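Working notes, structure below.
Just so it is clear, the model here is predicted, and its values are computed rather than measured. To find a chain, count down the sequence lines: A is the first, B the second, and so on, and within it residues start at 1.
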There are 2 protein chains.
Amino acid sequence: MRLSTKGRYAVTAMLDLALHSGNGPVTLADVSVNQGISLSYLEQLFAALRNKKLVRGVRGPGGGYYLGKPASEISIADIICAVDEWVEFTRCGGRENCRDGQRCLTHHLWDQLSDEIFRFLSDITLQDLVDRGRSRPGSPTIEVGDLEDRAKRRAA
Amino acid sequence: MRLSTKGRYAVTAMLDLALHSGNGPVTLADVSVNQGISLSYLEQLFAALRNKKLVRGVRGPGGGYYLGKPASEISIADIICAVDEWVEFTRCGGRENCRDGQRCLTHHLWDQLSDEIFRFLSDITLQDLVDRGRSRPGSPTIEVGDLEDRAKRRAA
DNA sequence: CCTTGTCCCAAGTAAAATAGTCAACAATCT
DNA sequence: AGATTGTTGACTATTTTACTTGGGACAAGG
């Protein structure tokens with residue numbers, strides 16, 4: 001799992017798409033203005049998102065992008081994985097013999113943690129974020145912590 | 001929150017330190033060999049960790065590094081924040097007027113998610129990882145999911 | 001004291017990732 | 001046809017990563 005600014009751009013852009021869905025497709029130019037991301041950089045990100053079927057492009061006037069699936073079926077992990085290449089971190093890829101065994105333990109523990117983070121982000125969908133914002137439109141502060149409960153229930 | 005390979009190096013190194021604690025201080029040279037990280041890069045990472053009091057160095061022959069605090073008081077978020085500068089992502093920093101209000105909503109939602117991730121990583125300590133490895137030393141696969149329960153209890 | 005082992009510090013650097021620009025082309029609508 | 005938008009690819013400046021080099025500072029053992 002990797003969480004860089006690139007992933008943030010992608011999540012933010014997808015969130016923008018989800019929020020504006022219903023008014024027809026959303027142009028990258030709009031997202032660019034709304035979120036302050038350069039148009040051509042968005043194009044690169046959306047090329048990756050398109051490959052993973054997370055968005056669907058419509059050409060021509062009145063065109064733009066739709067979400068490729070319902071927002072409730074797109075997780076944050078999906079988005080981040082689409083734009084950030086998944087790089088295996090541990091050097092001994094399971095099959096290789098580790099020098100002292102201790103090394104493997106450390107790496108295994110890291111893998112565990114990495115899995116944990118991945119699961120956590122897999123349990124949060126775009127729809128979760130949209131719902132959270134819509135439910136209390138005027139409220140300046142929104143309570144966090146409910147997402148965790150939701151993820152917990154889904155896991156159970 | 002930012003989760004790069006740099007942060008992974010730091011977490012892995014700290015994990016190595018936690019696992020070898022008890023046999024006196026651990027040298028960076030050992031960590032370098034065990035984890036396959038270059039010595040001078042480790043020195044840079046540990047300089048940051050030292051500034052945040054997460055490790056304590058002992059000079060001279062027989063010297064090395066100790067954890068600065070008990071492993072149970074060092075969270076994964078602590079480690080990552082020490083080596084990866086925290087960069088604020090959203091452009092409108094709360095006080096600034098957003099152009100259309102919608103922008104603020106998107107950014108707010110992202111902030112929420114970012115907080116959520118940070119809390120999640122704050123609830124996992126080095127000790128948690130060490131315990132998880134020690135409890136089933138011979139087992140090839142270790143069940144994940146318990147860490148979430150533990151974090152849940154701590155939050156309650 | 002002197003040597004050795006370690007931490008500590010600073011500067012530089014090659015490779016990669018980030019965050020763009022620019023230009024051309026393809027599909028669609030009016 | 002012409003305007004609008006997606007699609008693709010090549011190119012570039014900046015930053016970050018991961019590492020190198022080369023030295024010190026400081027403590028223990030002889």
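OP1 or OP2 of dT17(D) has at least one side-chain nitrogen or oxygen of S4(B) nearer than 4.0 Å. OP1 or OP2 of dA18(D) lies within a sub-4.0 Å distance of a side-chain N or O belonging to Y41(B). At dC7(C), none of the side-chain N or O atoms of T27(B) fall inside 4.0 Å of OP1 or OP2 (strictly under the cut-off). Contact between the side-chain N/O atoms of R56(A) and the OP1/OP2 oxygens of dG6(D) is not found at any separation under 4.0 Å. OP1 or OP2 of dT17(D) lies within a sub-4.0 Å distance of a side-chain N or O belonging to R2(B).
Residue F46(A) is classed as having no contact, given no heavy-atom separation below 4.0 Å to the nucleic acid. L39(B) comes within 4.0 angstrom of nothing in the nucleic acid, heavy atoms only. Residue S40(B) is in base contact, counting any heavy-atom pair closer than 4.0 Å across all strands shown.
Residue-to-nucleotide contacts include a donor-acceptor pair under 3.5 Å from the side chain of Q44(A) to the base of dG20(C). No hydrogens or angles were tested; on distance alone, a donor-acceptor pair under 3.5 Å links the side chain of E43(B) to the base of dC9(C).
In this structure, the side chains of I124(B) and I117(A) stay at 4.5 Å or more apart for every pair of heavy atoms.
A tilted orientation is assigned to the rings of Y65(B) and F46(B), their planes being inclined by 30° to 60°.
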